[in-house]
Amino acid sequence: MKKFGWLILLGSQFAIVAGFWSYDHVNHMMGNQLTGDAVGQYLAYGRLAGLLAVLGILFQLMLIGRIKWLEQAFGLDRMAHLHHFTGFAIVVFLAAHPFLVTTGHSMQSGMSRIDQYIDFCRNWDDVLAAVIGVAIMSASIFFSILVMRKWVKYEIWYYSHLTLYVAVALVFGHQFEVGTDLVGNRLFSGYWYALYAFVFANLIHYRILRPIIFYMRHRFAVDKLVSETGDVTSVYIEGRGMEFFPVEAGQFMIVRFWAKGFRWEAHPFSMSIRPDGRKIRLSIKASGDFTRRIPGLKPGTPVFIDGPHGIFTSASCSSSKVLLIAGGIGITPIRALAEEMSAAGRDVILIYANRSRSSIVFEKELDELVEKSKGNLKIVHVLSDDPEWAGEKGRLDKEKISRFVPDIPEREVFLCGPPMMMKLVRASLSELNVPKARIHFEKFAL
Ligand SMILES: Cc1cc2nc3c(=O)[nH]c(=O)nc-3n(C[C@H](O)[C@H](O)[C@H](O)COP(=O)(O)OP(=O)(O)OC[C@H]3O[C@@H](n4cnc5c(N)ncnc54)[C@H](O)[C@@H]3O)c2cc1C
């Protein structure tokens with residue numbers, strides 16, 4: 001219901017804009033522009049494209065704003081996914097707006113499209129700034145394609161993406177200087193200002209102020225590092241009043257270690273223990289430039305935490321029987337959930353897939369959890385590439401899941417692991433008739 005309500009609210013912004021736009025153009029002083037001559041229609045639809053492009057960009061900012069109230073309804077990963085998708089759709093409006101408006105005006109003035117465009121840039125207030133803004137936006141979207149294909153480093157893309165804020169500022173002015181809809185309609189321009197103010201207030205609060213407020217309140221700092229397996233290190237973080245830090249098992253946070261070589265990057269990591277009101281534990285696999293440096297962190301390093309985030313928690317589980325499935329480092333949120341759910345008396349089966357025994361993270365801890373659970377937690381390890389292993393071998397597939405979990409239809413499933421494994425497991429679960437609504441998953445990609 002919450003989700004539905006927010007969808008209506010967000011969707012209605014598009015309806016409001018379309019409403020203002022059609023009112024202005026139907027009641028235009030030169031007559032109805034929507035049914036009038038070609039010039040009027042080019043200009044009208046060009047303006048609509050511009051309005052939708054800006055609305056889309058504001059919507060994009062909300063999607064990546066890590067805005068708590070939105071995230072609780074949709075989940076950050078889904079919002080990030082939608083953000084990638086919507087970014088490409090906005091390109092269409094960004095291209096259509098100057099094309100249609102230039103065409104309309106060139107028909108009116110008798111200039112060629114190119115001359116008209118140059119005239120806009122030279123003589124119309126704030127249009128040159130807007131053109132530069134659109135160029136930055138287009139370049140940034142192009143960069144996103146490169147990063148999706150892993151042709152450029154994530155950080156380069158991240159910092160290039162920050163220029164989008166400059167681009168948004170550059171296109172802002174021309175809307176109020178030459179945007180006929182906004183100039184001529186005070187109600188519409190009031191709404192437009194309010195929309196900007198609302199989006200930026202949320203962004204500034206959730207992306208900038210909240211981590212600073214949390215830091216001031218808790219003074220998070222690295223307490224100690226513990227090596228788990230060859231390439232996984234647990235970072236223990238302590239602070240003041242940790243019992244008031246509102247994290248749940250299964251959630252993640254975006255952390256910035258305030259030390260030389262770390263402070264320019266913030267990365268997401270999941271809690272790998274059930275919150276105990278005293279500490280945070282993040283267990284980090286060395287998988288790239290940043291994570292490889294983690295063992296070099298020094299105790300006492302201040303930590304800025306953006307979060308906690310995520311709806312991969314027991315609050316979203318209504319069943320007393322649960323199947324947890326983890327692959328590799330995907331065990332971090334799953335381990336926290338196993339600890340919490342078994343302690344709460346749920347009947348939990350955990351299937352943990354790895355390549356070899358040496359890559360099992362928390363093997364001893366997991367055994368201890370089973371012992372403590374009074375029969376609530378069972379664990380099956382499946383190894384794909386370990387000739388010495390006497391237990392279950394091979395890939396996790398439909399046959400194995402139904403053998404380990406004969407009562408699968410009664411269970412809600414929580415899944416986290418490498419993308420390919422998650423895809424295959426979700427397909428197996430679907431073949432086993434587990435409804436989608438009963439499968440919760442966390443992707444380690446935003
Ligand atoms: C919700 C979530 C929870 C996670 N939990 C854990 C965990 O508990 N333990 C763990 O070891 N790993 C976890 N990860 C993965 C971890 O964030 C990445 O492995 C890490 O950011 C890689 O950084 P790198 O520079 O070392 O590697 P790179 O080789 O630079 O990056 C590898 C990939 O990681 C992603 N990535 C890199 N930097 C960022 C960033 N700043 N923000 C988002 N994604 C980024 C990109 O997809 C990139 O292609 C989690 C990821 C997400 C999204």
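At a threshold of 4.5 Å between non-hydrogen side-chain atoms, the residues Val405 and Ile351 count as touching. Looking at Phe200 and Val168, their side chains come closer than 4.5 Å, going by heavy atoms from C-beta outward. Looking at Met111 and Ile118, their side chains never come closer than 4.5 Å, going by heavy atoms from C-beta outward. Asn433 has its side chain out of reach of Pro409: every pair of non-hydrogen atoms, C-beta onward, lies at least 4.5 Å apart. The closest side-chain heavy-atom distance from Val54 to Phe93 is not below 4.5 Å. Two residues are said to be in side-chain contact when any heavy atoms from C-beta on lie closer than 4.5 Å; Gln13 and Tyr191 meet this criterion. Counting heavy atoms from C-beta outward, Pro98 and Tyr117 have side chains that approach closer than 4.5 Å. The closest side-chain heavy-atom distance from Phe414 to Pro333 is not below 4.5 Å.
Under the rule for a salt bridge (charged side-chain N to carboxylate O under 4.0 Å, His left out), the partners of Arg293 that lie at least two apart in sequence or sit in another chain are Glu265. By the salt bridge (charged side-chain N to carboxylate O under 4.0 Å, His left out) test, Lys321 is found to be paired with Asp407, Glu410, residues two or more places apart in sequence or in another chain being considered. Taking the salt bridge (charged side-chain N to carboxylate O under 4.0 Å, His left out) definition, one finds that Lys423 meets it with nothing, sequence neighbours left out. Taking Phe220 as the reference, His218, Phe245 meet the ring pair (Phe, Tyr, Trp, His ring centres under 6.0 Å) condition, with sequence neighbours excluded. For Arg278, the side-chain contact (heavy atoms from CB on, under 4.5 Å) partners at least two apart in sequence or on another chain are Asp276. Under the rule for a ring pair (Phe, Tyr, Trp, His ring centres under 6.0 Å), the partners of Phe262 that lie at least two apart in sequence or sit in another chain are Phe290. Tyr45 meets the ring pair (Phe, Tyr, Trp, His ring centres under 6.0 Å) test with Trp21; sequence neighbours excluded. Partners of Phe304 by ring pair (Phe, Tyr, Trp, His ring centres under 6.0 Å), not counting sequence neighbours, listed by chain and number: Tyr215, Trp258.
Ring pair Phe59/Phe14 is perpendicular by interplanar angle, where above 60° counts as perpendicular and below 30° as parallel. Between Trp124 and Phe120, the ring planes are perpendicular. Angles over 60° get that label, and only those under 30° would be called parallel.
Taking each heavy atom of Phe444 and Cys416 in turn, the nearest pair found is CE1-SG, 3.5 Å. A pairwise comparison of heavy atoms in Leu282 and Ile280 identifies CD2-CG2, 3.9 Å as the closest pair. In terms of heavy-atom proximity, Leu337 sits nearest to Ser314 at CD2-N, 3.9 Å. Of all heavy-atom pairs spanning Pro295 and Thr291, the tightest one is CD-O, 4.0 Å. Nearest heavy-atom pair across Ser428 and Ile401 is CB-CD1, 4.1 Å. Residues Met421 and Leu396 share a closest heavy-atom pair of CE-CD2, 4.3 Å.
Residue pairs that meet the salt bridge (charged side-chain N to carboxylate O under 4.0 Å, His left out) test with at least one member in residues 237-248, sequence neighbours left out, do not exist here. Sorted by first and then second residue, the pairs that involve residues 336-350 and meet salt bridge (charged side-chain N to carboxylate O under 4.0 Å, His left out), not counting sequence neighbours, are Arg335-Glu339, Asp347-Arg411. Pairs of residues two or more places apart, or lying in two chains, never qualify as side-chain hydrogen bond (donor to acceptor under 3.5 Å, both in side chains) while including a residue from residues 162-173.
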For side-chain hydrogen bond (donor to acceptor under 3.5 Å, both in side chains), just list the numbers for Ser272 and Arg281, CA-CA rounded to whole Å, side-chain angles, deciding distance to a tenth of an Å, and then say yes or no. CA-CA 6 Å; Ser272 63; Arg281 187 179 80 174; 2.8 Å; yes
Ser270/Glu442 under side-chain hydrogen bond (donor to acceptor under 3.5 Å, both in side chains): CA gap, chis, key distance, verdict: CA-CA 10 Å; Ser270 306; Glu442 183 79 297; 5.0 Å; no
Would you sort out whether Ile408 and Val413 count as a side-chain contact (heavy atoms from CB on, under 4.5 Å), showing the intermediate values? CA-CA 9 Å; Ile408 181 89; Val413 183; 4.3 Å; yes
Stepwise side-chain contact (heavy atoms from CB on, under 4.5 Å) check, Phe172 with Asp126: CA-CA 9 Å; Phe172 184 78; Asp126 289 335; over 6 Å; no
Applying side-chain contact (heavy atoms from CB on, under 4.5 Å), run through Met137 and Val171 and close with a yes or a no. CA-CA 10 Å; Met137 287 176 190; Val171 298; 4.0 Å; yes
Take Leu55 and Leu195, measure what side-chain contact (heavy atoms from CB on, under 4.5 Å) needs, and give me the verdict at the end. CA-CA 9 Å; Leu55 199 58; Leu195 212 56; 3.4 Å; yes
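For Tyr23, the OH atom is loosely surrounded, since the number of other residues' heavy atoms within 6.0 Å does not exceed 12. In Leu9, the CG atom is crowded: over 12 heavy atoms of neighbouring residues, nucleotides or ligands sit closer than 6.0 Å. Enclosure of atom CZ in Arg263 by more than 12 non-hydrogen atoms of other residues, nucleotides or ligands within 6.0 angstrom is indicated.
Rounded to the nearest 0.5 Å, atoms OG1 (Thr233) and CD1 (Ile294) are 7.5 Å apart. In this structure, CG on Leu203 lies 7.5 Å from CD1 on Ile208, to the nearest 0.5 angstrom. The distance from atom CG of Leu43 to atom CE of Met107, rounded to the nearest 0.5 Å, is 9.0 Å.
A distance-only check finds no donor-acceptor pair linking the side chain of Gln60 to the backbone of Thr86 [under 3.5 Å]. Listed for the Lys400 side chain is a donor-acceptor partner under 3.5 Å among the backbone atoms of Arg395. In this structure, the side chain of Gln33 does not engage the main chain of Gln41 through any donor-acceptor pair within 3.5 Å. The closest donor-acceptor contact from the side chain of Arg78 to the backbone of Phe74 lies under 3.5 Å. Checked by atom type and distance alone, the side chain of Arg426 never pairs as donor or acceptor with a backbone atom of Leu415 at under 3.5 Å. Under the 3.5 Å distance criterion, the side-chain polar atoms of Tyr196 are left unmatched by any main-chain donor or acceptor of Leu58. Proximity of a side-chain donor or acceptor of Ser12 to a complementary backbone N or O of Ile8 within less than 3.5 Å is detected. Listed for the Tyr193 side chain is no donor-acceptor partner under 3.5 Å among the backbone atoms of Phe188. A donor-acceptor contact shorter than 3.5 Å is absent between the side chain of Asp119 and the backbone of Asp115. His205 places no side-chain N or O within donor-acceptor distance of the main-chain N or O of Asn202, the cut-off being under 3.5 Å.
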For residues 305-312, which side-chain N or O atoms pair as donor and acceptor with protein atoms under 3.5 Å away, sequence neighbours left out?
{"unit_1": "Asp306", "atom_1": "OD1", "unit_2": "His309", "atom_2": "NE2", "d": "2.8"}
{"unit_1": "Asp306", "atom_1": "OD2", "unit_2": "Arg66", "atom_2": "NH1", "d": "2.5"}
{"unit_1": "His309", "atom_1": "ND1", "unit_2": "Glu71", "atom_2": "OE1", "d": "2.8"}
{"unit_1": "His309", "atom_1": "NE2", "unit_2": "Asp306", "atom_2": "O", "d": "3.4"}

